[in-house]
Amino acid sequence: MDNPVFERIRNDIAGTDVVVYMKGTPVFPQCGFSAAVVQVLTHLGVPFKGIDILTDPGLRQGIKEFSNWPTIPQVYVKGEFVGGCDIIREMYQTGELTELLEAKGVAVPAQG
């Protein structure tokens, strides 16, 4: 039987180019790592959907199982798991994040 949480995650990441599963919301992040990811994406001018895992314990556990990644935040681009805070920050610093977004067809208005 399919996991309804996985189904919900698949729908979320299929319907939006960039999705961030995070603690809190983009306006009020509840942890420094989530805030750092929001800051990077906002700096690049990339629209994204923030999904607060704190409001849903099933999702909080489910997203870790779905991605096989133990920490939050988690960033998905075009349905594909990219990474957490450290990976996103590192990719941003090397320019790799902009390259990945553009390669996937996501416009990056603020080039560095």
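Values below: all heavy atoms of this structure, side chains included; hydrogens, waters and symmetry mates excluded.
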Between Phe66 and Val5, is any pair of side-chain heavy atoms under 4.5 Å apart? no
Who are the ring pair (Phe, Tyr, Trp, His ring centres under 6.0 Å) partners of Phe81, not counting sequence neighbours? Trp69, Tyr76
Contacts of Lys64 that satisfy side-chain hydrogen bond (donor to acceptor under 3.5 Å, both in side chains) - sequence neighbours left out: none
Nearest 0.5 Å please: distance from the CG atom of Asn11 over to the OG1 atom of Thr16. 10.5 Å
Counting C-beta onward and ignoring hydrogens, is there a side-chain heavy-atom pair between Val37 and Phe48 closer than 4.5 Å? no
Can you tell me which residue pairs pass the salt bridge (charged side-chain N to carboxylate O under 4.0 Å, His left out) test with a partner in residues 90-99, sequence neighbours excluded? none
Nearest-0.5 Å distance that lies between atom CD1 in Ile9 and atom CD1 in Ile51: 8.5 Å
Pairs involving residues 13-22, ordered by first then second residue, that meet salt bridge (charged side-chain N to carboxylate O under 4.0 Å, His left out) (sequence neighbours left out): Asp17-Lys78
Mind checking what makes side-chain hydrogen bond (donor to acceptor under 3.5 Å, both in side chains) contact with Lys23, not counting sequence neighbours? none
Qualifying residues under side-chain hydrogen bond (donor to acceptor under 3.5 Å, both in side chains), relative to Ser67, sequence neighbours excluded: Gln74
Applying ring pair (Phe, Tyr, Trp, His ring centres under 6.0 Å) to Phe28 and not counting sequence neighbours gives none
Residue pairs passing the side-chain hydrogen bond (donor to acceptor under 3.5 Å, both in side chains) test with at least one member in residues 27-42, sequence neighbours excluded, are none
Would you be so kind as to tabulate the donor-acceptor pairs closer than 3.5 Å made by side chains of residues 53-60, with sequence neighbours excluded?
| residue | atom | partner | partner atom | Å |
| --- | --- | --- | --- | --- |
| Thr55 | OG1 | Asp52 | O | 3.0 |
| Asp56 | OD1 | Gly58 | N | 3.0 |
| Asp56 | OD1 | Leu59 | N | 3.1 |
| Asp56 | OD2 | Arg8 | NH1 | 2.6 |

Kindly compute the distance separating CD1 (Ile13) from CD1 (Ile63), expressed to the nearest 0.5 Å. 7.0 Å
Can any side-chain N or O of Thr94 pair as donor or acceptor with the backbone N or O of Met91 at less than 3.5 Å? yes
Applying salt bridge (charged side-chain N to carboxylate O under 4.0 Å, His left out), can you list everything that pairs with Glu7, at least two apart in sequence or on another chain? Arg10
Tracing side-chain contacts under 4.5 Å among Ile, Leu, Val, Met, Phe, Trp and Tyr outward from Phe33 reaches none
Salt bridge (charged side-chain N to carboxylate O under 4.0 Å, His left out): which pairs involve residues 27-39, sequence neighbours left out? none
Provide the closest heavy-atom pair for Pro26 versus Gly50 in the form atom of the first, atom of the second, distance. CG-CA, 3.9 Å
